[in-house]
Amino acid sequence: MDTQAVKRTGRWKSRIASELVGILGAGAVISAEDELIAYESDGLTGYRVKPLFVVLPSTAEEVSQVVGLCNREKIPFVPRGAGTGLSGGALPSREGIVISLSRMNRILEVDIPNRVVVVEPGVVNISVTDAVSAEGFYYAPDPSSQIVCTIGGNVAENSGGVHCLKYGVTTNHVLGVEMVLPDGAVVMLGGPSPESLGYDLLSLVVGSEGLLGIVTKVFLRIIKKPQMVKTLLASFERIEDAGASVSAIISSGVIPAGMEIMDNLSINAVETTVGAGYPRDAGAILLVELDGPGAEVTAQVPAVSRILRENGAIEIKLAADENERQLFWKGRKSAFAAMGKISPGYYVQDGVIPRSSLARVLGEIGELGRRYGLRVANVFHAGDGNLHPLVLYDPEVEGESEKAEELSGEILRVCVDVGGSITGEHGVGFDKKRFLSLMFSEQEIDTMNLVRCAFDEEGLCNPGKVFPTPRTCVEPGMGKHGSHNHAPKGMGELF
Amino acid sequence: MSHIAELSRMVSNFHVPGSGGTDSSVPEFGFSPEVILYPETVEEISRVLGFASQKGIRVFPFAGGTKLSLGSPVRAAGAALSLKRLDKLLFHEPSDMVSTVQCGMEVREFQNAVGRENQLFPVDPPGLSSGATVGGLVSTNLCGPMSTRYGTCRELVLGVRAVRADGEIINLGGKVVKNVAGYDIPKLMTGSLGTLCVLVEATFRLYPRQPFSRTLVLGFDDHVSCSRAARAILAADVVPTCFEILDERLSSEFSVAPGAKRSILLRFDSFEEAVVEQIKQVREITSGKPASFVEMGDEDSRELWDSAREFPFSSAASFSSKLTLPVTASIEILSDIESDPALSGVTVRSLARPARGVALVSVSGEGEEAVIAAGFLENLADSLGGRIMFSDVRCELREKVKAWGDFGDALFLMKNIKRRFDPGNILPGEKIFDAD
C-alpha cells in the first residue's frame, strides 16, 4: 500500500465520514480543511501531507472499529500522539486517516507495590512521574519534550532522554501493551510482570514507529527515586578532553545517571538566552549527574572530580543545591531552543557513535561545517554516544536549507562509518528512510519486513515510513525464496 | 549422493552418530540426527541452511548443549548443527564497553576475557560452570541472581549476526548502546530457542566491575516476617546486585540458614563505603525480624551463589518451572505453594527473585502427584496474572506436563513470526509451538 493511493470520489468520502461519525460521534471526526492543517505534519515541519480525516477515539474499541473500517475500505491510517516527533513518523498518508490518541489520556492504575503504572497512550510522559512522585517513585525515560510528548509516541519511537546510559530507554521500562493490530484485533502483549516468556513481541512493538499497530494501553515500570543526586559541571579547553573524561569515568566503575557535552557554540547560545552559568570561553562543558544510595554518590563525587582533572578539566563546579542543579540542566534542555535565537533556522540531527570515536567524529563534523560554510553546534548525550549536531542556516538565503540538510545527511554517513547508527532516539520515520540502507543490506531490510508482514499483511498501518523502498508481503513459499514447500510431512500443522 | 551426505560435505567437520569415533561433547538430543555438523565459518552455516531449506532437511542448532531440556522436545531433525567451533572473541573496545563474540564461546570464557579489562558481562546463567555458551544464553534468555540489578541478556544485547533459515546472513541491531534504526530483532532472537534463525555472533554492552562485594544472609522463623523484610528491602534506598528468597528446604540445603523457615540472600557490589552503608541500612530496616544475620566476603559466599545460580536445574526433580509474576506475587508465592494441599504429596523447592517477579520451583514426586502439582502451579501462575514454563520434565511425565503454559493473545502473532522467518519449519519450531 505504499504506492500511489487510489483517487476517491466525493460520495465515497462522505459515506466514510458518516461511518466514522457513527463510530465516534461528530465531535471526534475532523474533516474541515482548515482544521486538518494542524495535523499535516509532526515536529518535523518540512514535510506536510493533508489527511482525509483525523479521528479522536476514546477507547480501544473505537480504535479497533476505525481500523476495521480502514481495512474494509483499504484506507491507510497513521497513529499520532502529541506530534512532537522529529522524523516525520506521524506524517499523514495521502488519502489516509490520522488516528490521534490524544483523548485516550487517562492514568488507569497506579500500583506502587508492584512498581507498575498503567496508562492510556495519550498520557503525557511527565504525568507518569507526577502521579507517583509523592510516593518516591518516577518514570525513567525523559526525552527533552517530556512535558508535552505522550507515552504512546514514546513507545512507538523507543524514546530515550538524558538518563539512558544508566537507566535504559523506553524498551527497558515497558512491561506490556494492549494494542489494536492492523486488522482491528485487540491483543495484550506482556503485562504487569517484569519478565515474560515466549517470543519477545513487545520488543518489536516498542520502537516500531507505528507500523505494527496502535497501542491503546501501556504497562510502565516505575523505579524508586535515588536517595541522592549530585551534578558536576566541568569545563574544558578542548572538547576532545571532555570526551576522554566520559570514557575514563565509566572505565573507573562509575555509571553516571547522565553525561552531557556541549561545545562552545552551544554554550554561548545558551548563555545568551537563559544564562545557565556556563563559562562562555570554554571549548566544551561536560555535565555529569551521579545518583544512587547516598554513600555511593558521596564516594563517587571525589573519584569523578579527580578523573575530570586528570583529563584536563579547567574548572569543576558541584551544584550546591537543587536550584543550581536545575539551572545546570536548564541550559542543556534549552539548547535546541537557544539555537533558534542565534540562527534563523537550524536542523537537528540524531546519530550515534561509539564513545571511542568521539574525537574523530567531532573533527569530521567540523571539517564538514567548513566545507559547507555552515556552523554546526554540538550537543550530545555523551555517555551513550548519541550526538545531536545542530546545523545552523538561514532559510532566507537561497539554497541554504538544502545545504544544511545535505550536511546533516553527511554527518550520518560519518556516524555509520565509525560503526554507529543513523538514529539513537528520534526514529527513522519518513525523514531517514533513505539512510536505512547505509546500515543494512537489502536482505536485512527484507528481514525487518518479515516482522512487519507478521503484524500487517495489508500494509495499511503507517505506510511509507522506515522502509526505503516499498515492500509487500508475499506469502511465504511464494516469493523468491520459493522453495520452502518441502516442509517434512507432519510439520505443517504447526501453522 | 544422499542429501545428508551432501550437507556433510559443506562443513569443515561432521560426525555420523554410531559410525565409530567418539565425540564426547555430543549431548543427549532426545532425537536421533543422521549427522552432526561442525562448521567453522558463518559461510558454511549459510550453505548448510540454504541447502537444507531447499531439500526440506530439518536442522537443529546447538552449542554447549547444557540446556537442551528447555522448551518442548524436538521430534526429529536430520542434522544437528554445532556452533562450538565458532568460539572467538571478535571485538572488545574497552572504552566503549562493548564486545562482539561468536556464539560458540563459553560464557565463562567471555567473562574472563572482558574481566581482564576490569569489565563485566553481568549475566550468570545456570550452566555457567559446565560449558554454557553465549549462543545458548541468548537463545534461552536464561539468567541468574545478578539479573536483579542487570536484567537478563535481553537488556544487554545490542546486535546479532544470524543465518536465516533460507541461508541469508544478516546483521541486525548494531554496536552502540542506543540505536532505534529498524525493529529490535536482536531482542526477538533472545529467548527464541533457535527457532527463527541460527545465531552466530552477538554484541553486548558491558558494565564496569565493582571494587567491593559483600553478601548478606538473613534467616527467618516465619514467612510473614520474611515477606515484610523483603518488601522493606525493595522499598529502601539500597541497590542490591542479587536478591533472592529461599524456602525452608533450600535454606537448609544451601546451608545458609539451616532451620530457618525462610532466608533472604543479598549481595551488594560498589565502593566499600557504599556497600557498608547499604548493609547498615538493611540491618536497620529489618531490625528484630531476622532470627539470624550473617555477613560474608566474596570468597566465603561463592558456593552459596553457585547454588542459587544453578537452581532449579541442579535438583534431580520430576520437573522444574519458572513463573513470571508481578513483583509482590513473587514474594508471596512461596507461602501459597507451601500451604496448598495439592502439593502435599510431592517435595517442593522454591526460590523467588522478587525484583524480577520470578519464582523458580522444582517438584519431586511420583507420577500422578507430580502432574497434579504441575497443574496447580500453572493455575496459580494464571490466577496471579503471570506465566509459567516447565523444564527438565522427566520422560514419563512429558505427555501430561507440557513445556509452555498459555501464551494468550501472543500465540498467533508468534506463529506468524515463525511462519515468516522459517516457512518450511527447518529450524524445529516445536521447541516453542508444541502442537500435538
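Every chain is numbered from 1 and lettered A, B, ... according to where its sequence line falls, protein lines coming before strand lines. Not measured: the values here are computed from a predicted model. Below, all heavy atoms of this structure are taken into account, side chains as well, without hydrogens, waters or symmetry copies.
- With a 4.5 Å cut-off on non-hydrogen atoms, V98(B) does not touch chain A at all.
- For the pair R355(A) (side chain) and S95(B) (backbone), a donor-acceptor distance under 3.5 Å is present.
- Closest approach of L189(A) and A410(B) over heavy atoms only: CD2-CB, 3.8 Å.
- L172(B) is listed as a side-chain neighbour of F440(A), based on a closest heavy-atom distance under 4.5 Å.
- Side-chain contact between S356(A) and D96(B) is present, with at least one heavy-atom pair separated by less than 4.5 Å.
- Only the side chain of N386(A) has a heavy atom closer than 4.5 Å to any heavy atom of chain B.
- A distance of 5.0 Å separates CZ of F412(B) from CG of L181(A), quoted to the nearest 0.5 Å.
- Top candidate by heavy-atom pairs under 4.5 Å with chain A, chosen from D184(B), N179(B), V177(B), is N179(B).
- Pairing each heavy atom of Y199(A) with each of M414(B), the nearest pair is CE1-O, 3.4 Å.
- Put simply, CZ on R420(B) and CG on D446(A) are 12.0 Å apart, with the number rounded to the nearest 0.5 Å.
- With a 4.5 angstrom heavy-atom cutoff, T298(A) does not touch chain B via any of its atoms.
- The main-chain N or O of N171(B) is found under 3.5 Å from a side-chain atom of E444(A) such that the two form a donor-acceptor pair.
- With contacts defined as side-chain heavy-atom distances shorter than 4.5 Å, the pair V451(A)/I185(B) qualifies.
- Closest approach of H426(A) and V180(B) over heavy atoms only: N-CG2, 4.3 Å.
- Closest non-hydrogen pair, P208(B) versus V254(A), comes out as CG-N, 4.4 Å.
- Residue S251(A) holds its OG atom at 6.5 Å from CD of Q119(B), rounded to the nearest 0.5 Å.
- With a 4.5 Å cut-off on non-hydrogen atoms, E209(A) touches chain B through its side chain but not through its backbone.
- Under the rule for a salt bridge (charged side-chain N to carboxylate O under 4.0 Å, His left out), the partners of D291(A) that lie at least two apart in sequence or sit in another chain are K166(A).
- Under the rule for a side-chain hydrogen bond (donor to acceptor under 3.5 Å, both in side chains), K431(B) has no partner lying at least two apart in sequence or in another chain.
- When all heavy atoms of S193(A) and G385(B) are compared, the pair lying nearest together is OG-O, 3.7 Å.
- For K225(A), the part sitting under 4.5 Å from any heavy atom of chain B is the backbone (N, CA, C, O) and nothing else.
- At most 12 heavy atoms of other shown residues, nucleotides or ligands fall within 6.0 angstrom of atom CZ in R228(B).
- Closest approach of K187(B) to S203(A), counting heavy atoms only: CD-OG, 3.2 Å.
- A distance-only check finds no donor-acceptor pair linking the side chain of D237(B) to the backbone of P293(A) [under 3.5 Å].
- When atom types are taken as modelled, the side chain of Q210(B) and the backbone of G253(A) share a donor-acceptor pair closer than 3.5 angstrom.
- Within the 4.5 Å cutoff, side-chain heavy atoms of R205(B) are placed close to those of L165(A).
- From L450(A), atom CG reaches atom CG of D422(B) across 11.0 Å, with rounding to the nearest 0.5 Å.
- Contact check for R154(B) versus E195(A): no side-chain heavy atoms found under the 4.5 Å cut-off.
- In this structure, the portion of V186(A) lying under 4.5 Å from any heavy atom of chain B is its backbone and not its side chain.
- In this structure, chain B has a heavy atom under 4.5 Å from the backbone of I353(A), while its side chain stays farther away.
- Counting heavy atoms from C-beta on, the side chains of I417(B) and L204(A) come closer than 4.5 Å.
- Both the backbone and the side chain of S208(A) come within contact range of chain B, judged by heavy atoms closer than 4.5 Å.
- Only the side chain of H381(A) has a heavy atom closer than 4.5 Å to any heavy atom of chain B.
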